[in-house]
Amino acid sequence: MLLGVIADDFTGASDIANTIACGDGETGGLVTSQYMGIPDYDAGPAVEAGVISLKSRSVPKADAVAQSLEALRWLKAQGCRQIVFKYCSTFDSTPEGNIGPVAQALAAELGVDGVVVCPAFPKAGRTIYQGHLFVHDRLLNESGMQNHPLTPMTDADIRRWLSLQVTGGVGLIPLNTVRQGADALRQSLVQDGRQLVVVDAVDDTDLAIIGRACAGAPLVTGGSGVALGLPANFIATGQARGYHGGGFAGIDGPEAILAGSCSGATRGQVDRHAKGHPVLPIPVDQVMTGEIGIPQLLSFLLEHTGRAPLAYSSATPEEVRAAQERYGRENVSNALDRLFASTAQAFLDRGGKRLVVAGGETSGAVAQALDLGEVMIGPEIDPGVPILISARRDAALALKSGNFGQQDFFSKATNMLAGARA
């Protein structure tokens, strides 16, 4: 294994695994496996990149640090020469953490400074300019992320936000330095002298420069875009041959869609899907009082198999806040995660073969419950969302971050899991 990734949630892990397997589109990518949690076995000899999926984004920061360091030790034991700490391209965190504390702990363990911090993902509209994170043409704190139920992002200045989480200050390398080329960027990282350095990027060309500048760097942090140029470094030096993907014929069998994200993108996708497919809204009040549970969801999904049925708890920010005030934020989150995870498990146990899940926290809960083990990275459905093939479960899945995907994502995903072309 050459490249190791520690991802703070399951959809983000799929996202960066897809980036690494595809590479820059010319030289190819790396043979990539995604692991649902830290494995208790060694990676296979053919694996060139290993992506460990953690559910550490919203846990106490001490737990996030401990899990990440454990993942680092496993990846180093597999022979990894470079580590990527992957977090969301909307930098989902609170003023206390967890991105900064984990990044600093990994840097300290590896004994490095001048570590790149770059959540940019231009294909999904996430760009960084003068250290500020944009979502399309909006600053992050005006994009809807300020209403996130767990990690509301109220400041688009990533350097300032990260400085609240770490000691020693945070550096910044602006876009004009990046565009002077990899050598200039590499020199600036060394000269900065601080442990963590935010690096601007507004398109894939910038990410490719960052990738070349990070050749040989023990640690890189960012969104999935930061890995765009990393496979080429290993291929150029002959350490990897260049992987150009394999065939995926699709999987037959019952399909289901579970959506637990409250993002505007997911709510729009739910509305679009409801125009031609059966949908089941899940009122939070009824979940908390026990009026609706696994039997109702499972009955709905199995009754409508073949029609891409969707069960969702995606609510407006106002509805989410009201439920959190009534029952407690953690109580609501945990109850919905348990409901979706147990429903997904029951669905696959009853013969389900194709499963689409929307929402980072929801996807993490589902993936943990299903015990998928190692999954293969299949074709890309939409930017950042690949098909995942689990031999252990004989099933195909798509785990989607709440903000990702086009309006018709749900129907497109279920069709592609069956083998249809995009």
Atom of Asn18, atom of Gly384 and distance for their closest heavy-atom approach:
ND2-N, 4.3 Å
Here's a test for you: under side-chain contact (heavy atoms from CB on, under 4.5 Å), which of Met36, Gln67, Gln368 qualifies with Leu54?
Gln67
Looking at CD of Gln82 and CG of Asn233, how far apart are the two atoms once the value is rounded to the nearest 0.5 Å?
7.0 Å
Evaluate the criterion side-chain contact (heavy atoms from CB on, under 4.5 Å) for residue pair Asn141 and Met153; output intermediate values, then yes/no.
CA-CA 6 Å; Asn141 57 300; Met153 295 300 296; 5.8 Å; no
Are the aromatic rings of Phe410 and Tyr312 close, with centres under 6.0 Å apart?
no
For the residue pair Ala240 and Glu48, what are the closest heavy atoms and their distance?
CB-OE2, 3.6 Å
Using 4.0 Å as the upper bound for N to carboxylate O, is an ion pair formed by Lys55 and Asp63?
no
Note: Ser313 and Phe340 closest approach over all heavy atoms is OG-CE1, 3.4 Å
Rounded at 0.5 Å granularity, tell me how far CG in Leu30 sits from CG in Leu230.
9.0 Å
Could you tell me whether the side chains of Ser342 and Gln345 share a donor-acceptor contact shorter than 3.5 Å?
no
Student check: side-chain heavy atoms of Cys214 and Val116 closer than 4.5 Å
yes
Any donor-acceptor N or O pair under 3.5 Å, side chains Asp408, Ser411
no
Does CZ in Arg326 sit with more than 12 non-hydrogen atoms of other residues, nucleotides or ligands closer than 6.0 Å?
yes
Side chains of Gln34 and Ser53: do they bring a donor and an acceptor to under 3.5 Å?
yes
Is Arg160 paired with Asp155 through a side-chain N to carboxylate O contact shorter than 4.0 Å?
yes
Could you work out, with side-chain hydrogen bond (donor to acceptor under 3.5 Å, both in side chains) as the rule, every residue matching Asp192, not counting sequence neighbours?
Arg194
Taking atom CZ of Arg241 as the centre, report whether more than 12 heavy atoms of other residues, nucleotides or ligands fall under 6.0 Å from it.
no
Under 6.0 Å from the CD atom of Gln187, do we count more than 12 heavy atoms belonging to anything else shown?
no
Heavy-atom distance under 4.5 Å between the side chains of His277 and Leu310, does that happen here?
no
Restricting to non-hydrogen atoms, name the atom on Ala103 and the atom on Leu219 that form the minimum distance, rounded to 0.1 Å.
O-CD2, 4.1 Å
For Gly100 versus Leu162, what's the shortest heavy-atom pair and its separation?
CA-CD1, 3.6 Å
Going by ring-ring contact (aromatic ring centres under 6.0 Å, His included), name the residues that satisfy it together with Tyr87, two or more places apart in sequence or in a different chain.
Phe85, Phe91
